[in-house]
There are 2 protein chains.
Amino acid sequence: MWLRPRRRERQTLTLDRIVAEAVALLDEEGEARLTMRRLAERLDTGSTTLYWHVKTKDDVLDLALDAVFGEVPLPAPEGGWRERAAALAAAWRAALLRHPWTTGLLDRPMMGPNALSRTEFLYATLAEAGFGAADLPAAAFSLSTYVTGSATMQARAQDSSGAALREHLRAQREAYPVLAAHGLDHDWDVTFARGLAYLLDGMADRLG
Amino acid sequence: MWLRPRRRERQTLTLDRIVAEAVALLDEEGEARLTMRRLAERLDTGSTTLYWHVKTKDDVLDLALDAVFGEVPLPAPEGGWRERAAALAAAWRAALLRHPWTTGLLDRPMMGPNALSRTEFLYATLAEAGFGAADLPAAAFSLSTYVTGSATMQARAQDSSGAALREHLRAQREAYPVLAAHGLDHDWDVTFARGLAYLLDGMADRLG
DNA sequence: ACGCCGACCGGATCGATGGTCTAGTAATGG
DNA sequence: CCATTACTAGACCATCGATCCGGTCGGCGT
């Protein structure tokens, strides 16, 4: 009777709480350590309960990924198209790097509302800039590809495996001389900005 | 005696056979269905045997990924840097798209010999083209990022989830008007080539 | 006031998986 | 002929995603 466990104070478990906790868990321990049991434990509930709110574990990952996209602010609509595109790219990249586990989830359809609204903003910005139907997909696509691809490479280079790669490359420097000489020590922010400038320059050329 | 199972004709299991079979299995059924047991079964052996040749399942994936990189031919050293870079990018992309499961593995250190030699070729080509120390990492990095990122997006768009995304986008066309109008029907090869041209144009500008 | 229904929760459990322990067997070199 | 090395496999373990089934709680209609 009195021993019966205190009634759980109905802090009803919501999908939002689950997603927020999943993001926190992923930030702290990475994708490999996200299990439904561990997630449930952190939420002080049973693992099976999660399945009432969510159909599969993949749902949790999809939701967590889109939650990160929600952290990307849409740039103010003032300024030129180039500034806006660059600002969106920078913000997008920052969000991905803030949650490095996202780069492992980019190989899945990004059709959450936050992802789609950012993509729509990019398309709209470029369309307004004057890219016609023939160039719009290529322009938008190359920019988003560049952001996600570069974040993936940087995240990988900066975790523990990156150090191993650098060491291995230094040991094999005569097999890969140019790579070892120039690919090891560079500022990621600078490199990203420069590559983005290549891309935007080429796009600006196209606009004439 | 005679019932005793025929002595296995010692087609000794080699690492190469394991990797080749892993690639075949991944091609046919995708990453999710690659398990050590299934792989062993296809090789007509026990799952534990694989662990003599390989330390973990991740090793198998790393080896399979690098095997695909090995399919990328190094372009002939004749012609300008731009032709060579474009040829390498096209061949790299083709190999990734030929094995769509690779895009799910790009978030891991690509430090296999095949991957490194292709990267070295890219660096050497761009260094010879005249990119100095300040530009080399950005140039090589943006190109490889573009190849891997675009292959990822295309592979995702072309599997079953891609159709769902298109349908969802069409249903929500008033929420994402520009995206729905221009992002749905385009030729991937053309789009890739055009985005690559943006990038190469911008890089050529830099060379002056 | 009552009963009931749907939202919500969880213990026990299932099948599958990655990986290890241990015990082998085939071939090779001395 | 033996011993060492290369290689194979059965039994087994912990863990995971997911499901079954039986609950508990709050609010609504009557």
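Order of the sequence lines sets the chain letters (A, B, ...), proteins ahead of strands, with each chain counted from 1.
Atom-to-atom, CD of A:Glu41 to P of C:dG11 comes out at 12 Å; the value is rounded to the nearest Å. Straight-line distance from the CG atom of A:Leu15 to the P atom of C:dC8: 11 Å, rounded to whole Å. For B:Arg37 and D:dG10, the CZ to P distance is 12 Å, given to the nearest whole Å. For the pair A:Arg33 CZ and D:dA14 C1', the interatomic distance rounds to 14 Å; values are reported in whole Å. C:dC9 atom P lies 13 Å from atom CG of A:Leu39, rounded to whole Å. C:dT17 atom P lies 14 Å from atom CD of B:Glu31, rounded to whole Å. As rounded to whole Å, 15 Å separates atom C1' of C:dG19 from atom CG of B:Leu61. Straight-line distance from the NZ atom of A:Lys57 to the P atom of D:dC16: 9 Å, rounded to whole Å.
Residues satisfying the ring pair (Phe, Tyr, Trp, His ring centres under 6.0 Å) test with B:His186, not counting sequence neighbours, are B:Trp188.
In this structure, B:Trp101 CH2 and B:Leu96 CG are separated by 9.5 Å, a value rounded to the nearest 0.5 Å.
Contact check, A:His53 against C:dC9: a side-chain N or O comes under 4.0 Å of OP1 or OP2. Look at B:Thr49 and you'll find a side-chain N or O under 4.0 angstrom from OP1 or OP2 of D:dA9.
Ionic pairing of A:Arg93 and A:Asp189 is present here: one or more N-O contacts between side-chain nitrogen and carboxylate oxygen are shorter than 4.0 angstrom. Salt bridge annotation for B:Asp135-A:Arg194: present, with a cationic side-chain nitrogen under 4.0 angstrom from a carboxylate oxygen.
Geometric assessment of B:Arg118 against the ring of B:Phe69 yields a negative cation-pi assignment under the 6.0 Å and 45° thresholds.
Residue B:Leu50 is out of contact with every strand shown, counting any heavy-atom pair closer than 4.0 Å.
The aromatic rings of B:Phe131 and B:Trp81 sit perpendicular, their planes meeting at an angle over 60°, well past the 30° parallel limit.
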Run the numbers on B:Thr56 and B:Asp58 for side chain to side chain donor-acceptor pair (under 3.5 Å), then give the verdict.
CA-CA 5 Å; B:Thr56 70; B:Asp58 267 351; 5.1 Å; no
List the steps and the verdict of side chain to side chain donor-acceptor pair (under 3.5 Å) for B:Ser161 and B:Asp159.
CA-CA 5 Å; B:Ser161 72; B:Asp159 66 16; 2.6 Å; yes
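The backbone N or O of A:Ala115 sits less than 3.5 Å from a side-chain atom of A:Asp66, completing a donor-acceptor pair.
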Could you pull out the protein-nucleic contacts involving nucleotides 20-24 of chain C (nitrogen or oxygen on both sides, under 3.5 Å)?
none

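For the contact set between residues 18-29 of chain A and DNA chain D, defined by any heavy atom under 4.0 Å, there are no members.
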